[in-house]
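I have placed the structure first, in the form of structure tokens, so that the comments after it can refer back to it.
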Amino acid sequence: MTIHIRQEKNEDIDIIYNLVKKSFENAEHSDGTEQDLVNRLRKSKSFIPELSLVATDGNNLIGHILFTKILIENNNKKAESLALAPLAVLPEYQNKSVGSKLVKEGLKISKELGYKSVIVLGSEKYYPRFGFVEAKNFEIIPPFEVPSENFMAIELEEGSLKDVSGTIIYSKEFFEN
């Protein structure tokens with residue numbers, strides 16, 4: 001298996017939809033609409049084409065990751081950040097480093113594009129391997145109830161969250177159906 005990571009193309013959109021749907025079919029924490037979220041985010045102002053990435057094995061799409069713009073707001077002070085959501089890998093390719101390669105490449109491109117931090121709501125067993133820590137360490141909180149260990153942040157530039165704190169403002173597409 002040779003895994004390549006690249007930016008999504010228009011002809012990938014339907015394949016990505018089905019890939020995300022299949023990836024989350026048996027997920028423990030899923031509402032079954034992650035594929036619809038990807039489509040909504042792709043049409044939003046928070047979408048960054050360079051940060052919608054796919055993993056391929058030959059001609060087969062086997063994984064997808066999406067990073068979109070969010071804000072961290074504290075009173076009237078706002079700081080831009082990114083949300084990593086969702087990360088999807090076809091079940092038969094899970095636990096084979098596909099997700100790790102997508103996350104690492106996505107973080108690298110995010111940094112190259114000048115973004116300073118990324119927020120993720122995900123597994124406390126998975127994301128810390130990339131450097132994510134509980135967002136509460138930076139006094140960053142989610143806009144909804146979630147276990148603290150599952151709401152994480154990473155600085156893409158050391159010290160970039162030093163003077164940033166507040167509540168995450170996700171794009172409205174995260175809350176639509």
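Everything quoted here is computed from the prediction, not taken from an experiment. In this chain, residues are counted from 1 in sequence order.
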Looking only at side-chain N and O atoms, does [Y] offer a donor or acceptor that is under 3.5 Å from a partner on [X]?
| X | Y | answer |
| --- | --- | --- |
| S81 | S117 | yes |
| T167 | E73 | no |
| H64 | S23 | no |
| N39 | Y17 | no |

Closest approach of [X] to [Y] (non-hydrogen atoms, all atoms of both residues):
| X | Y | result |
| --- | --- | --- |
| E155 | K162 | OE2-N, 3.9 Å |
| L41 | A85 | CD1-O, 4.1 Å |
| S110 | G106 | OG-O, 2.7 Å |
| G63 | L102 | C-CD1, 3.8 Å |
| V164 | A79 | CG1-CB, 3.8 Å |
| G122 | Y127 | CA-CE1, 3.9 Å |

**OP:** Tell me, with the steps shown, if L156 and L107 meet side chain to side chain contact (heavy atoms under 4.5 Å, CB included).
**Re:** CA-CA 7 Å; L156 298 177; L107 293 174; 4.0 Å; yes
Is there a path of hydrophobic side-chain contacts, each under 4.5 Å between heavy atoms of I/L/V/M/F/W/Y residues, joining [Y] to [X]?
| X | Y | value |
| --- | --- | --- |
| L71 | L66 | no |
| F144 | I70 | yes |
| I169 | L37 | no |

Original post:
Got more than 12 heavy atoms from elsewhere within 6.0 Å of CG, D31?
Top reply: yes
Original post:
Counting heavy atoms not belonging to E139, are there more than 12 under 6.0 Å from its CD?
Top reply: no
Give a yes or no answer on whether the side chain of [X] reaches the backbone of [Y] with a donor-acceptor pair at less than 3.5 Å.
| X | Y | value |
| --- | --- | --- |
| S100 | S97 | no |
| R6 | L53 | no |
| K96 | E92 | yes |
| E124 | N150 | no |
| S160 | E157 | yes |

Original post:
What is the ring orientation for F175 with Y170, classed by angle as parallel under 30°, tilted 30 to 60°, or perpendicular over 60°?
Top reply: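 Geometry flag for Y170 against F175: perpendicular rings.
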**OP:** May I ask you to decide if the ring planes of F130 and Y126 are parallel, tilted or perpendicular, using 30° and 60° as cut-offs?
**Re:**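 Rings of F130 and Y126: perpendicular, as their planes differ by over 60°.
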For residues [X] and [Y], determine if any side-chain heavy atom of one lies less than 4.5 Å from a side-chain heavy atom of the other.
| X | Y | result |
| --- | --- | --- |
| I119 | L82 | no |
| L161 | I140 | yes |
| L84 | F132 | yes |
| L113 | F67 | no |
| K78 | I72 | no |
| I141 | I168 | no |
| F138 | S165 | no |
| T68 | I48 | no |

Closer than 4.0 angstrom, basic N to acidic O: yes or no for [X] and [Y]?
| X | Y | result |
| --- | --- | --- |
| E8 | R42 | yes |
| E25 | K22 | no |
| D163 | K77 | no |

Subject >> Worked check of salt bridge (charged side-chain N to carboxylate O under 4.0 Å, His left out) between K101 and E105 >> reply: CA-CA 6 Å; K101 288 182 180 191; E105 185 66 10; over 6 Å; no
Quick one: pull up [atom1] in [X] and [atom2] in [Y] and give me the separation to the nearest 0.5 Å.
| X | Y | atom1 | atom2 | value |
| --- | --- | --- | --- | --- |
| K9 | I16 | NZ | CD1 | 11.0 Å |
| I62 | M1 | CD1 | CE | 5.5 Å |
| S171 | K45 | OG | NZ | 11.0 Å |
| D12 | T56 | CG | OG1 | 9.0 Å |
| K116 | E158 | NZ | CD | 13.5 Å |
| I5 | I109 | CD1 | CD1 | 9.0 Å |

Subject >> Candidate pair V98 and Q94, rule side chain to side chain contact (heavy atoms under 4.5 Å, CB included), full reasoning >> reply: CA-CA 7 Å; V98 177; Q94 291 175 7; over 6 Å; no
Subject >> Check against side chain to side chain contact (heavy atoms under 4.5 Å, CB included), Y115 and E80 >> reply: CA-CA 8 Å; Y115 292 97; E80 191 172 59; 3.5 Å; yes
**OP:** Could you please spell out the steps behind the side chain to side chain contact (heavy atoms under 4.5 Å, CB included) verdict for H4 and T2?
**Re:** CA-CA 7 Å; H4 293 285; T2 305; 3.5 Å; yes
